[in-house]
Amino acid sequence: MRVRFPPPQLDLARAHALGVALPLASIALSLALRPLVVDVPFALFVPAVVFATYLGGLGPGLVALGLSAALCTYALIPPYGAFGPSFAEVGAAGIFLVVGGALCWVASELREGYLERHTAREAAHRELQEWFRTLLETIPQMVWTSDGSGRAEFQNSQIRDYTGKSDAELAGGRWRRLLHRDDRRSTVALWRRMRERGTGGEGTLRLLGRDGRYRWFLVRAVHVRAVDGRLRQWIGTLTDINAQKESEDAKAEAVRARDVFLSVASHELKTPVAAALLQIQKAHRMLRRTEAAADLPGIAQRVAASAASVERLGVLVGTLLDVSRIATGKLTLERRRFDLTESVTSVAARHAEAADRAGCAIEVDVAPGVTALGDRLRIEQVITNLLSNAVKYGAGRPIALGLARRNDVALLTVADRGIGIAPEDQARIFQPFERAVSAHHYGGLGLGLWIAREIIEAGGGAIRVKSHPREGSTFCVELPLARGSSDPGPREATPPADGA
């Protein structure tokens with residue numbers, strides 16, 4: 001075990017006072033122990049001189065040396081209580097001064113050597129601290145340190161910049177106020193466990209920034225122990241993982257949407273398949289009967305129902321194919337001149353019977369001679385989708401289908417008087433697998449409006465909705481008007497940023 005006795009840094013007055021006090025203490029002790037030191041009168045003065053030099057420096061050591069020689073010669077060497085020119089006094093004092101002077105020099109050199117090493121260590125320590133602090137100020141992570149008990153010591157500028165709080169405002173546990181309320185209890189519990197066990201750890205939390213928004217951070221803390229094993233310090237980092245967390249949440253949401261889609265798709269695909277199979281089986285049984293000729297009207301009705309189910313199945317399969325094409329960027333759209341007025345009128349006529357059965361008479365108001373530039377079949381697919389939705393969500397009430405010219409675009413509108421769409425859902429319904437109502441009450445895959453948006457925007461148009469709950473919805477489609485007779489050729493639809 002190494003015992004160190006570093007010399008103190010005393011000012012000049014205190015150092016010389018020490019050089020006087022130690023010889024006075026030695027003479028007092030020598031007089032009290034005169035019978036024991038009579039043969040070695042300078043015995044107790046040697047430590048006084050050495051300590052005065054080591055503690056105060058060479059100057060106070062020489063003061064102690066001279067004063068010790070005078071006091072010892074005067075009080076402890078005959079004639080006592082006076083100075084005499086005896087050989088004993090001169091010889092003893094001379095020897096003491098020589099030996100004491102050598103000891104003063106040795107003690108002074110030891111003192112200066114220790115002080116130089118101590119100064120060098122302090123300078124190196126300060127340089128290391130400055131380097132470490134500079135490093136902590138330049139790394140992107142937020143870094144903090146605390147003592148062994150958990151009391152905050154240091155926070156780098158990244159913490160102050162993000163939180164907008166000073167060190168004083170974050171001290172004393174006030175940093176807990178910046179935690180999201182859902183993370184506060186778990187974070188405080190984690191910090192308490194680490195301090196109780198004296199081991200590091202990590203966790204995630206949301207921290208309030210100066211902009212009033214919470215971001216996700218990965219927090220890690222490690223402990224630093226002294227040579228004797230005592231817990232001396234904690235060092236912790238906060239790494240921004242908000243983008244990663246949002247990506248994980250987006251993936252989880254995509255998985256959830258996929259599962260919902262698969263559930264809805266399986267139900268939607270199974271329904272027409274089961275219906276078609278049932279009708280075909282009944283028609284087959286009827287044909288096997290001997291009186292089948294009398295049942296021909298019923299058989300025709302069964303076959304017609306089967307055809308409708310198969311047609312519905314084909315529409316669903318086509319929708320799934322469109323999803324695949326859009327996701328892979330392989331949905332190719334033609335850009336040709338076509339009579340949009342004729343297309344709108346034709347689609348309305350095809351849906352008139354189904355709309356009448358649902359009590360939704362289609363009121364058509366289209367401007368004549370509107371010529372658009374785009375893919376006629378895909379535009380008719382969009383109109384079909386919008387009319388189908390209007391019939392589905394506005395059953396029992398009229399539907400208004402309009403077409404007009406406005407500025408440089410053709411404006412197509414489909415308005416129903418059905419259940420309407422809440423404002424917070426109006427942007428969401430144009431995303432894949434999204435719907436504003438429960439799939440249990442209204443069928444569909446939740447893909448029609450997304451596909452419609454992709455087709456319209458890929459053709460240079462736009463689609464939007466105006467709606468209020470229980471007041472119906474109006475879908476507005478803007479399409480570019482045809483100018484001249486040039487044919488720019490086919491154009492591929494750009495795949496959506498969020499994928500299918």
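Below, all heavy atoms of this structure are taken into account, side chains as well, without hydrogens, waters or symmetry copies. Given the structure is predicted, the values throughout are model-derived calculations rather than measurements.
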(message) Within this structure, what is the CD-CD distance for the pair Glu112 and Glu109, rounded to the nearest 0.5 Å?
(response) 7.5 Å
(message) Atom CZ of residue position Arg151 - does it have more than 12 heavy atoms of other residues, nucleotides or ligands inside 6.0 Å?
(response) no
(message) Could you report the tightest heavy-atom contact between Trp234 and Met194, atom names first, then the distance?
(response) CH2-O, 3.3 Å
(message) How about CZ on Arg176, more than 12 heavy atoms from neighbouring residues, nucleotides or ligands closer than 6.0 Å, or not?
(response) yes
(request) Could you walk me through whether Glu478 and Arg406 pass the salt bridge (Lys or Arg N to Asp or Glu O under 4.0 Å) test, one step at a time? (result) CA-CA 9 Å; Glu478 294 180 357; Arg406 178 173 297 178; over 6 Å; no
For a quick test of your reading: what N or O donor-acceptor pairs under 3.5 Å do the side chains of residues 21-36 make, sequence neighbours left out?
| unit_1 | atom_1 | unit_2 | atom_2 | d |
| --- | --- | --- | --- | --- |
| Ser26 | OG | Leu22 | O | 3.0 |
| Ser26 | OG | Leu44 | O | 3.0 |
| Ser30 | OG | Ser26 | O | 2.8 |
| Arg34 | NH1 | Ala75 | O | 3.4 |

(request) Calculate, to the nearest 0.5 Å, the distance between atoms CZ and CZ belonging to Arg453 and Phe475 respectively. (result) 13.0 Å
(message) Just so I know, are the side chains of Asp408 and Leu481 near enough to count as touching, which here means a heavy-atom distance under 4.5 Å?
(response) no
(request) Could you tell me which non-hydrogen atom of His16 sits nearest to which non-hydrogen atom of Pro60, and how far apart they are? (result) N-CG, 4.0 Å
(message) Can you confirm whether Arg220 is buried at CZ, in the sense that more than 12 heavy atoms of other residues, nucleotides or ligands lie under 6.0 Å from that atom?
(response) no
(request) Would you check, one step at a time, whether the test side-chain contact (heavy atoms from CB on, under 4.5 Å) holds for Phe430 with Trp450? (result) CA-CA 5 Å; Phe430 291 102; Trp450 174 61; 5.9 Å; no
(request) Drop me the distance from Arg464's CZ to Ile456's CD1, to the nearest 0.5 angstrom. (result) 12.0 Å
(request) Indicate yes or no: at least one non-hydrogen side-chain atom of Pro41 is less than 4.5 angstrom from one of Val37. (result) no
(request) Taking Arg230 for its side chain and Gly148 for its backbone only, find out whether a donor-acceptor pair lies under 3.5 Å. (result) no
(request) For Cys476 and Leu411, work out which heavy atoms get closest and say how close. (result) CB-CD1, 4.2 Å
(message) Is any side-chain heavy atom of Leu479 closer than 4.5 Å to one of Leu373?
(response) no
(request) Test Arg210 against Tyr162 for side-chain contact (heavy atoms from CB on, under 4.5 Å), laying out the working first. (result) CA-CA 6 Å; Arg210 67 195 309 162; Tyr162 175 77; over 6 Å; no
(request) State the CD-CD distance between Glu169 and Gln155, to the nearest 0.5 angstrom. (result) 11.0 Å
(request) Identify whether the distance between the nearest side-chain nitrogen and carboxylate oxygen of Arg232 and Asp147 falls below 4.0 Å. (result) no
(request) Can you see which heavy atom on Ala64 is nearest to which on Ala48, and at what distance? (result) CB-O, 4.4 Å
(message) Tell me if a side-chain donor or acceptor on Glu471 pairs with a main-chain N or O of Arg417 at a distance below 3.5 Å.
(response) no
(request) Give a yes or no on this: more than 12 heavy atoms of other residues, nucleotides or ligands lie within 6.0 Å of atom CG of Asp211. (result) yes
(request) Assess the side chains of Gln158 and Gln141: does a donor N or O sit below 3.5 Å from an acceptor N or O? (result) no
(request) Inspect the surroundings of NE2 in His118 and state if more than 12 heavy atoms from other residues, nucleotides or ligands are less than 6.0 Å away. (result) no
(request) Indicate yes or no: at least one non-hydrogen side-chain atom of Ile383 is less than 4.5 angstrom from one of Leu412. (result) yes
(message) Can a donor-acceptor pair be found, under 3.5 Å and without considering hydrogens, that links the side chain of Ser186 to the backbone of Asp183?
(response) yes
(request) Report, as yes or no, whether the 6.0 Å neighbourhood of atom CD on Glu127 holds more than 12 heavy atoms from other residues, nucleotides or ligands. (result) no
(message) Could you check whether any side-chain heavy atom of Glu202 comes within less than 4.5 Å of a side-chain heavy atom of Val219, counting everything from C-beta outward?
(response) no
(message) Measuring from atom OG1 of Thr187 to atom CG of Leu207, what distance do you get when rounded to the nearest 0.5 angstrom?
(response) 9.5 Å
(request) Measure from the side-chain N and O atoms of Asp425 to the backbone N and O of Arg428, and report whether any donor-acceptor pair falls under 3.5 Å. (result) no
(message) On a heavy-atom basis, which atom in Arg111 and which in Thr53 lie closest, and how many Å separate them?
(response) CD-O, 3.6 Å
(request) Please check if the side chain of Gln244 supplies one atom and the backbone of Ile241 the other of a donor-acceptor pair under 3.5 Å. (result) no
(message) Determine whether a donor-acceptor pair (N or O, by modelled atom type, separation under 3.5 Å) exists between the side chain of Ser467 and the backbone of Gly472.
(response) yes
(request) Classify the ring geometry between Phe45 and Phe96 as parallel (under 30°), tilted (30 to 60°) or perpendicular (over 60°). (result) perpendicular
(request) Can you see which heavy atom on His223 is nearest to which on Thr199, and at what distance? (result) ND1-CA, 3.7 Å
(message) Run Asp375 and Arg335 through salt bridge (Lys or Arg N to Asp or Glu O under 4.0 Å) and show every step you take.
(response) CA-CA 5 Å; Asp375 191 316; Arg335 287 179 62 83; over 6 Å; no
(message) Using a 3.5 Å distance criterion without hydrogens, assess whether the side chain of Thr163 forms a donor-acceptor pair with backbone atoms of Ile159.
(response) yes
(request) Show your reasoning for whether side-chain contact (heavy atoms from CB on, under 4.5 Å) applies to Leu115 and Gln9. (result) CA-CA 9 Å; Leu115 291 178; Gln9 299 281 354; 3.1 Å; yes
(message) Checking Thr145 against Gln233 for the side-chain contact (heavy atoms from CB on, under 4.5 Å) test, could you report, in this order, the C-alpha distance in whole Å, the side-chain angles of both residues, the deciding distance, and whether it holds?
(response) CA-CA 7 Å; Thr145 65; Gln233 193 178 43; 4.0 Å; yes
(request) Working to the nearest 0.5 Å, report the span between CG of Leu238 and CG of Asn156. (result) 9.0 Å
(request) Look only at the side chain of Arg174 and the backbone of Ala168, and say whether a donor-acceptor pair between them is shorter than 3.5 Å. (result) yes
(request) Classify the side-chain pair Gln381/Asn385 by whether it contains a donor and acceptor separated by less than 3.5 Å. (result) no
(message) For a 4.5 angstrom cut-off between non-hydrogen side-chain atoms, does Val49 reach Cys104?
(response) yes
(request) State plainly whether the residues Asp167 and Arg160 are in salt-bridge range, i.e. N to O under 4.0 Å. (result) yes
(message) Are Trp191 and Ser146 packed together at the side-chain level, in the sense that at least one heavy-atom pair is separated by less than 4.5 angstrom?
(response) yes
(request) With the side chain counted from C-beta on, respond yes when Phe217 and Thr239 share a heavy-atom pair under 4.5 Å apart, and no when they do not. (result) no
